[in-house]
Amino acid sequence: MESVDVCIIGGGMAGASVAYHLAPTARVLMLEREPHVGYHSTGRSAALYHPQYGSAVIRSLTAASSAFYQSPPAEFGAILSPRGSLVIGRADQQAAFEKHTKMAKASAQKLAQLSAAEVLALVPELRPEAVAWGLFDDLAMDMDVEILLQGYLRAARRHGLKVLTGQAVGAITRLGGRWRVKTADLEIDTRVVVNAAGAWTDEVAGLASIAPLKLIPYRRTAFTFDAPNSESGSRWPMIIDGDEQFYVKPDAGRILGSLSEETASPPCDAQPEDLDVAIAVDRIETAFSFPIKRVLRSWAGLRTFGPDRNPVSGFEESAPGFYWHGAIGGYGIQTSAALGAFAGAAIAGKQLPDELASHGIRTVDLAPARLR
Ligand SMILES: Cc1cc2nc3c(=O)[nH]c(=O)nc-3n(C[C@H](O)[C@H](O)[C@H](O)COP(=O)(O)OP(=O)(O)OC[C@H]3O[C@@H](n4cnc5c(N)ncnc54)[C@H](O)[C@@H]3O)c2cc1C
């Protein structure tokens, strides 16, 4: 039996960023069920840093993460590169235009309003009838997910983090004021359990006889196809339909497309549905003047949300030493720096760091108790 200060369950972006903050001052062990870290949602994202996306809480977490991504510690490498995002709509999508501009105004977002001609100059591959307006956001950036994930883990390993893959946690019990975490072949004695199990967060809480927070995983499908010409493979911003019926984004010389769907799912190794890919292809071909000759690769991932669509990060009141860290929905990559720092401070018993407080981040907004 191994004895540690903190046992993190889940080797995705959430678990890795917490490990990064805790490893310098605590003995930390990470348990991941799959053969490698980042296997589930973290390895299946669209890799966008979109500071004007999501609720006020999400936007605060994203803004508070920006400095870290702009100048990460040396062992990380470059995380951000310019991309931009462009929401577009047809003449019959005026309600969507009003919704987006109203939201932007209410939250002081800076979006450039583009005419149809300006949108077509930026993306000539769009059909003229598909565009009546555009809203451009030059703050959106591409993120290198692998550099970020491996950077957190490399730095934490330097401080003694141990990562064990192929270890599915099957039991969590309370014993003498500490926790016992069991896998098929390991027994861990720990002061703190961090539940960073992504789509399985409620299930893992159940192993410790803790009531669920009613977090729901939603499937989202993505696929790649060849760019219509060599330029568009890198030049386009991320292009999002005003009613979120699809999006496309350059991705390593190809184009990534998605239906933008949210289909409730049990926690699982999510797989793409052929029909979802076909519907997305049809919508993209309706908006753009080129055919998608072949889907090169398709995949699906789960975006897990709580009832208020904000993340949860905090100790369970009914079970000392059990820390919830999940429900990060479609924002878990872009918010990881701030969320990791938040959880790191809370688990170490420190005050909310000033840097996070100055961005309006409040413990109460992330507390699991708010969902009880
Ligand atoms: C199509 C798509 C596009 C997205 N685009 C973006 C984007 O552009 N920007 C952005 O910021 N976010 C995006 N996201 C969201 C982002 O991917 C997630 O918010 C993030 O990856 C969640 O990280 P996580 O660590 O909570 O979950 P995961 O990466 O799923 O990690 C949880 C881990 O816990 C492990 N686990 C579960 N149960 C156990 C157990 N009992 N024992 C041991 N291990 C266990 C799992 O195997 C898993 O590896 C997107 C998601 C999808 C699906």
Side-chain angles (χ1 to χ4, degrees), residues 2-32 37 57 60-61 64-65 67-69 72-73 75-76 148-149 151-164 169 172 174 176-181 188-197 201 204-205 208 210 310-328 332 335-370:
E2 188 153 352
S3 191
V4 294
D5 298 316
V6 181
C7 176
I8 298 175
I9 303 173
M13 197 60 89
S17 57
V18 176
Y20 172 77
H21 285 278
L22 287 176
T25 53
R27 284 171 306 153
V28 185
L29 173 69
M30 173 183 278
L31 298 174
E32 167 54 50
V37 294
V57 171
S60 300
L61 289 164
S65 298
F68 185 90
Y69 303 146
E75 60 234 281
F76 280 72
L148 185 59
L149 179 70
Y152 286 137
L153 293 175
R154 196 177 309 115
R157 279 195 180 103
R158 216 167 22 83
H159 291 287
L161 167 73
K162 209 160 144 187
V163 179
L164 299 178
V169 172
I172 307 173
R174 190 90 177 130
R178 290 176 65 89
W179 292 97
R180 278 288 159 85
V181 177
I188 316 297
D189 164 72
T190 182
R191 185 172 61 80
V192 173
V193 170
V194 176
N195 178 4
T201 302
V204 163
I210 294 169
N310 284 330
V312 60
S313 188
F315 280 108
E316 167 64 37
E317 284 183 353
S318 66
F322 187 95
Y323 194 90
W324 293 87
H325 193 64
I328 323 169
T335 58
S336 67
L339 268 177
F342 178 92
I347 294 166
K350 294 183 192 151
Q351 281 206 322
L352 179 69
D354 289 345
E355 168 61 12
L356 299 184
S358 72
H359 280 93
I361 293 163
R362 302 184 314 165
T363 304
V364 65
D365 294 326
L366 303 176
R370 78 183 195 278

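On a predicted model such as this, the values are computed, not experimentally measured, just so you know. Throughout, residue positions are numbered sequentially from 1 according to the sequence presented.
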Close side-chain approach of [X] to [Y], heavy-atom, < 4.5 Å:
X	Y	value
Ile9	Ile172	yes
Ser336	Tyr20	no
Glu2	Cys7	no
Asp365	Asn310	no

Checking side-chain contact (heavy atoms from CB on, under 4.5 Å) for the pair Met30/Leu153: CA distance, chi angles, key distance, verdict?
CA-CA 10 Å; Met30 173 183 278; Leu153 293 175; 4.0 Å; yes
Against the six-membered ring of Trp179, is Arg191 placed for a cation-pi contact (under 6.0 Å from the centre, within 45° of the normal)?
no
When you measure from the side chain of [X] to the backbone of [Y], do you find a donor-acceptor pair of N or O atoms at a distance under 3.5 Å?
X	Y	value
Tyr69	Ala337	yes
Arg157	Val163	no
Arg370	Leu366	yes
Thr190	Asp5	yes
Arg27	Ser3	yes

Restricting to non-hydrogen atoms, name the atom on [X] and the atom on [Y] that form the minimum distance, rounded to 0.1 Å.
X	Y	result
Gly11	Val37	O-CB, 3.3 Å
Gly10	Glu32	C-OE1, 3.8 Å
Val312	Ala327	CG1-CB, 3.9 Å
Ala205	Asn195	N-ND2, 3.7 Å
Ile361	Phe342	CG2-CD1, 4.1 Å
Ala19	Ala156	O-CB, 3.7 Å

Taking atom CZ as the centre, does Arg158 end up with more than 12 heavy-atom neighbours from other residues, nucleotides or ligands that are less than 6.0 angstrom away?
yes
For atom CD of Glu317, is the number of surrounding heavy atoms from other residues, nucleotides or ligands below 6.0 Å larger than 12?
no
Set out, in order, the CA-CA distance, both residues' side-chain angles and the distance that settles side-chain contact (heavy atoms from CB on, under 4.5 Å) for Ile8 and Val18, then state yes or no.
CA-CA 8 Å; Ile8 298 175; Val18 176; 4.3 Å; yes
Could you walk me through whether Val194 and Val28 pass the side-chain contact (heavy atoms from CB on, under 4.5 Å) check?
CA-CA 10 Å; Val194 176; Val28 185; over 6 Å; no
If you measure from [atom1] on [X] to [atom2] on [Y], what distance do you get to the nearest 0.5 Å?
X	Y	atom1	atom2	value
Leu149	Met13	CG	CE	5.0 Å
Leu356	Ser60	CG	OG	10.0 Å
Ile328	Ser17	CD1	OG	7.0 Å
Leu22	His159	CG	NE2	11.5 Å
Leu29	Asp189	CG	CG	11.5 Å

Mind telling me whether Tyr152 and Phe68 have parallel, tilted or perpendicular rings, with 30° and 60° as the class edges?
parallel
Over 60° means perpendicular and under 30° means parallel, so tell me whether Trp324 and Phe322 are parallel, tilted or perpendicular.
perpendicular
